Amino acid sequence: MPSLAAPGFDLDLTLRSGQFFRFRPDGDGFLLVDSGRVLRLRPQGDRIEYRGGTAAHVRRLLGLDADHGAALAALRRDPLLAAVLPRYAGMRIMTQDPWVCLVSFVCSSMSNMKRIQGNVEGIARAFGPALEDGIHDFPGPAALPAGALAPIRLGWRERFVAGLFARVDPARLHALAARPFEEARAALMELPGVGPKVAECVMAFSLGFGEACPVDVWIRRVGRRLWFRNRRVPDRRIADRFRATFGRHAALAQQIWFQAVRDGVPVGQAPR
DNA sequence: CAGGTC
DNA sequence: ACTGG
């Protein structure tokens with residue numbers, strides 16, 4: 001089985017951090033679906049063994065191309081993040097297919113990871129081309145028959161997802177990766193069901209914008225606590241503070257704090 | 001109550 | 001405001 005170098009990389013932590021939903025445990029590794037490929041990955045020391053795709057695809061998907069040493073150095077400039085970093089240094093920012101990422105995070109509002117994963121898998125099973133037995137690629141945007149999404153049980157997110165399937169041009173979506181930050185963000189927010197939080201998720205987890213910082217309820221709590229004496233402030237100020245502090249590593253800082261607070265790590269103290 | 005949006 | 005854990 002081919003393998004690639006991934007020193008210090010934590011596959012389990014990265015996959016379970018809620019950036020990407022098309023994965024499941026598979027033996028002593030994971031099975032992932034991205035961009036028409038079924039990838040089987042297994043951590044082996046400081047390497048990742050892989051089957052089903054190219055090394056370049058795996059490296060890009062898992063965020064292994066980034067200079068992680070430089071990223072960690074940037075994160076350590078903040079003493080409070082430095083305190084929790086030892087436990088989360090293996091986190092990477094993934095770069096998945098933008099269309100799948102967009103639909104996933106539109107499904108994510110007021111939901112939870114298990115349900116989001118079920119919604120995304122359901123859409124793939126119902127409408128996506130089969131790749132292997134029982135494993136389907138995610139379908140590209142196309143006009144879906146009225147009511148076709150009903151069995152997916154998206155609730156009030158259904159009309160947003162239907163709107164995305166009707167309107168999104170994947171090539172245009174990909175092209176946003178080359179646009180300036182504010183322009184890409186504004187373009188995404190034109191889409192149905194996409195507000196600031198979802199827009200920055202798509203930018204961070206699929207378009208390569210390391211300075212993106214999705215502010216959800218958890219990051220709002222952390223940001224207020226860290227920098228605003230626990231006062232209410234607009235989400236935009238929290239995101240801008242992450243960017244001012246961590247620059248193009250804001251997305252990684254956000255993802256580490258997100259995971260840490262969900263693990264119950266107290267903000268502003270070293271983890272036990 | 002859950003990683004918001006209109 | 002849907003829906004499910």
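So that the names make sense, note that chain A is the first sequence line, chain B the second, and so on, each numbered from 1. Note that the structure is a prediction, hence the values are computed from the model and not measured.
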Need one value for [X]: base, sugar-phosphate or nothing, where a base atom within 4.0 Å counts as base even if backbone is also close, heavy atoms only.
X: A:G195; answer: sugar-phosphate
X: A:L191; answer: sugar-phosphate
X: A:Q254; answer: base
X: A:S17; answer: base
X: A:V215; answer: nothing

Spacing of [X] atom [atom1] relative to [N] atom [atom2], expressed in whole Å:
X: A:F105; N: B:dT5; atom1: CZ; atom2: C1'; value: 16 Å
X: A:N112; N: B:dG3; atom1: CG; atom2: P; value: 6 Å
X: A:R16; N: B:dG3; atom1: CZ; atom2: C1'; value: 18 Å
X: A:I219; N: B:dA2; atom1: CD1; atom2: C1'; value: 16 Å
X: A:R153; N: C:dG4; atom1: CZ; atom2: P; value: 4 Å
X: A:M113; N: C:dT3; atom1: CE; atom2: C1'; value: 18 Å
X: A:R236; N: B:dT5; atom1: CZ; atom2: P; value: 14 Å
X: A:Q117; N: C:dG4; atom1: CD; atom2: P; value: 16 Å

Within a strict 4.5 Å, meaning less than it, do heavy atoms of the A:E49 and A:P2 side chains meet? no
Does the base of B:dG4 carry an N or O that pairs as donor and acceptor with the side chain of A:K197 under 3.5 Å?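 Side chain to base: no pair present.
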For the base of C:dC2, is there a side-chain donor-acceptor partner from A:R157 under 3.5 Å away? yes
Under 4.0 Å between a side-chain N/O of A:R262 and OP1 or OP2 of B:dG3, yes or no? yes
Which base, if any, makes a Watson-Crick or G-U wobble pair with B:dC6, both distances under 3.5 Å?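 Across any shown strand, B:dC6 pairs with none.
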Polar side chain donor-acceptor pair, A:Y88 to A:D10, under 3.5 angstrom: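 A:D10 and A:Y88 do not have a side-chain donor-acceptor pair below 3.5 Å.
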Under a plain distance cut-off of 3.5 Å, with no hydrogens placed, do A:Q255 and A:S17 share a side-chain donor-acceptor pair? yes
Pick the closest DNA chain B nucleotide for A:F160 and for A:I116 by heavy atoms, then say which residue is nearer the 5' end. A:I116
Relative to the 5' end of DNA chain B, which residue comes earlier, A:V194 or A:Q255, by the nucleotide with the nearest heavy atom? A:Q255
Hydrophobic clustering (ILVMFWY, side-chain heavy atoms < 4.5 Å, transitive) - are A:L32 and A:I116 grouped together? no
When you measure from the side chain of A:R16 to the backbone of A:L13, do you find a donor-acceptor pair of N or O atoms at a distance under 3.5 Å?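 Between the backbone of A:L13 and the side chain of A:R16 there is no qualifying donor-acceptor contact (under 3.5 Å).
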With DNA chain C as reference, determine whether A:K114 or A:M110 sits nearer its 5' end, using the nearest nucleotide of each. A:M110
